[in-house]
Amino acid sequence: MSARIGLGTLAFGLVLAGCAYDPPMRADHGSAQYQKDLGACQESGAKEAHRRVMASGILWLTYPISLPIERRIQTRKCMEGKGYKLED
């Protein structure tokens with residue numbers, strides 16, 4: 001039983017970590033426009049990540065692990081699409 005609680009806690013932590021992701025972009029992370037774009041990208045990234053994970057059998061089996069990873073990827077792609085560049 002304690003192993004299940006530990007795994008549940010780990011999965012919950014990973015999901016929360018994926019929600020607060022701020023990609024390493026060359027920009028003023030405190031500016032209002034950046035925060036607005038980041039919020040929009042986090043929302044659209046979460047939806048796209050969920051869709052992609054649910055559409056793939058292998059990723060679906062590892063949902064608590066693969067969703068935060070895919071969410072980061074989709075958020076980063078969205079920010080790049082808005083014209084932000086990755087830091088070197």
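These values consider heavy atoms only, across backbone and side chains, with no hydrogens, waters or symmetry-generated copies.
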Please find the pair of heavy atoms, one from [X] and one from [Y], that lie closest to each other, and give the distance.
{"X": "Tyr63", "Y": "Pro68", "result": "O-CD, 4.1 Å"}
{"X": "Leu38", "Y": "Thr75", "result": "CD1-CG2, 4.4 Å"}
{"X": "His29", "Y": "Asp22", "result": "ND1-OD2, 3.0 Å"}
{"X": "Tyr21", "Y": "Gln42", "result": "O-NE2, 2.7 Å"}

### Message
Rounded to the nearest 0.5 Å, what separates atom CG in Leu86 from atom CZ in Arg26?
### Response
8.0 Å
### Message
Measuring from atom NZ of Lys47 to atom NE2 of His50, what distance do you get when rounded to the nearest 0.5 angstrom?
### Response
11.5 Å
### Query
Could you give all pairs that pass the salt bridge (Lys or Arg N to Asp or Glu O under 4.0 Å) test and reach residues 27-37, with sequence neighbours left out?
none
### Task
Check the surroundings of atom CD in Gln35: do more than 12 heavy atoms from other residues, nucleotides or ligands lie under 6.0 Å from it?
yes
### Message
Tell me which one of Arg71, Glu70, Arg76 satisfies side-chain contact (heavy atoms from CB on, under 4.5 Å) with Ile73.
### Response
Glu70
### Partner residues of Glu48 under the side-chain contact (heavy atoms from CB on, under 4.5 Å) criterion, sequence neighbours left out
Arg51, Arg52, Gln74
